[in-house]
Amino acid sequence: MPRVRPPQSDAGQVHLFTTTLATAAGDGAAAGHRYLPADLVTQITAFVSDRQENGVTVRGHASLVAARAIHEGRVTQETGESQLAETDLETHIRDYIVALVRRTFRKKHTVAALDFHQINHSGDMPVIASREDRRTIARQLIAGDAAATAAGLPA
């Protein structure tokens with residue numbers, strides 16, 4: 001005899017309940033008798049579907065799961081966009097440092113230009129381990145460019 005293995009996810013439960021309701025409605029119409037008691041079908045319908053109580057709409061399980069899925073989709077999209085922006089910022093930081101170091105040595109500028117940007121004289125890339133590190137290094141580079149320009153070095 002087949003067994004029903006109850007789903008663990010909320011979306012799976014909604015699917016099981018709505019399928020159960022559709023099957024119960026079809027069974028009652030086709031066979032003239034029901035396999036599920038009418039009381040159980042009523043309880044499942046009340047659990048899954050939206051209903052009115054004292055003029056207020058009480059959302060059913062299906063509506064709540066759908067709303068949460070939409071919200072989680074937005075959060076996932078925002079997280080993806082945030083990670084993409086962080087990756088772009090790190091790429092810009094690395095490109096800026098490499099270009100500054102190469103130009104300083106190629107044009108034989110004083111290494112003081114690197115001091116303004118708080119980059120060591122060997123031109124090593126700073127360790128970027130976190131989001132805050134990216135922000136701090138970006139601020140150092142922006143402030144260093146302004147300070148170097150004010151000191152008479154080329155921008």
By side chain to side chain donor-acceptor pair (under 3.5 Å), Gln140 pairs with (sequence neighbours left out) Gln118

Holding to side chain to side chain donor-acceptor pair (under 3.5 Å), I want the full list of residues that pass it with Arg103, two or more places apart in sequence or in another chain. none

Which residue pairs satisfy the side chain to side chain donor-acceptor pair (under 3.5 Å) criterion with at least one member in residues 104-116, sequence neighbours excluded? Asp115-His121

Show every salt bridge (Lys or Arg N to Asp or Glu O under 4.0 Å) that has at least one partner inside residues 138-155, sequence neighbours left out. Glu132-Arg139

Is any side-chain N of the basic residue among Glu86 and Arg135 closer than 4.0 Å to the acidic one's carboxylate O? yes

OG of Ser49 to CD1 of Ile44, rounded to nearest 0.5 Å, is 10.5 Å

How would you list, by chain and number, every residue that makes a side-chain contact (heavy atoms from CB on, under 4.5 Å) with Thr18, sequence neighbours excluded? Val14, Val48

For the residue pair Ala148 and His117, what are the closest heavy atoms and their distance? CB-CE1, 4.3 Å

Taking all non-hydrogen atoms of both residues, which atom of Ala24 and which atom of Val41 are closest, and how far apart? CB-CG2, 4.0 Å

Through direct or indirect side-chain contacts below 4.5 angstrom among Ile, Leu, Val, Met, Phe, Trp and Tyr, which residues connect to Ile93? Leu89, Tyr96, Ile97, Val98, Leu100, Val101, Phe105, Val111, Leu114, Ile119, Met125, Ile128, Ile137, Leu141

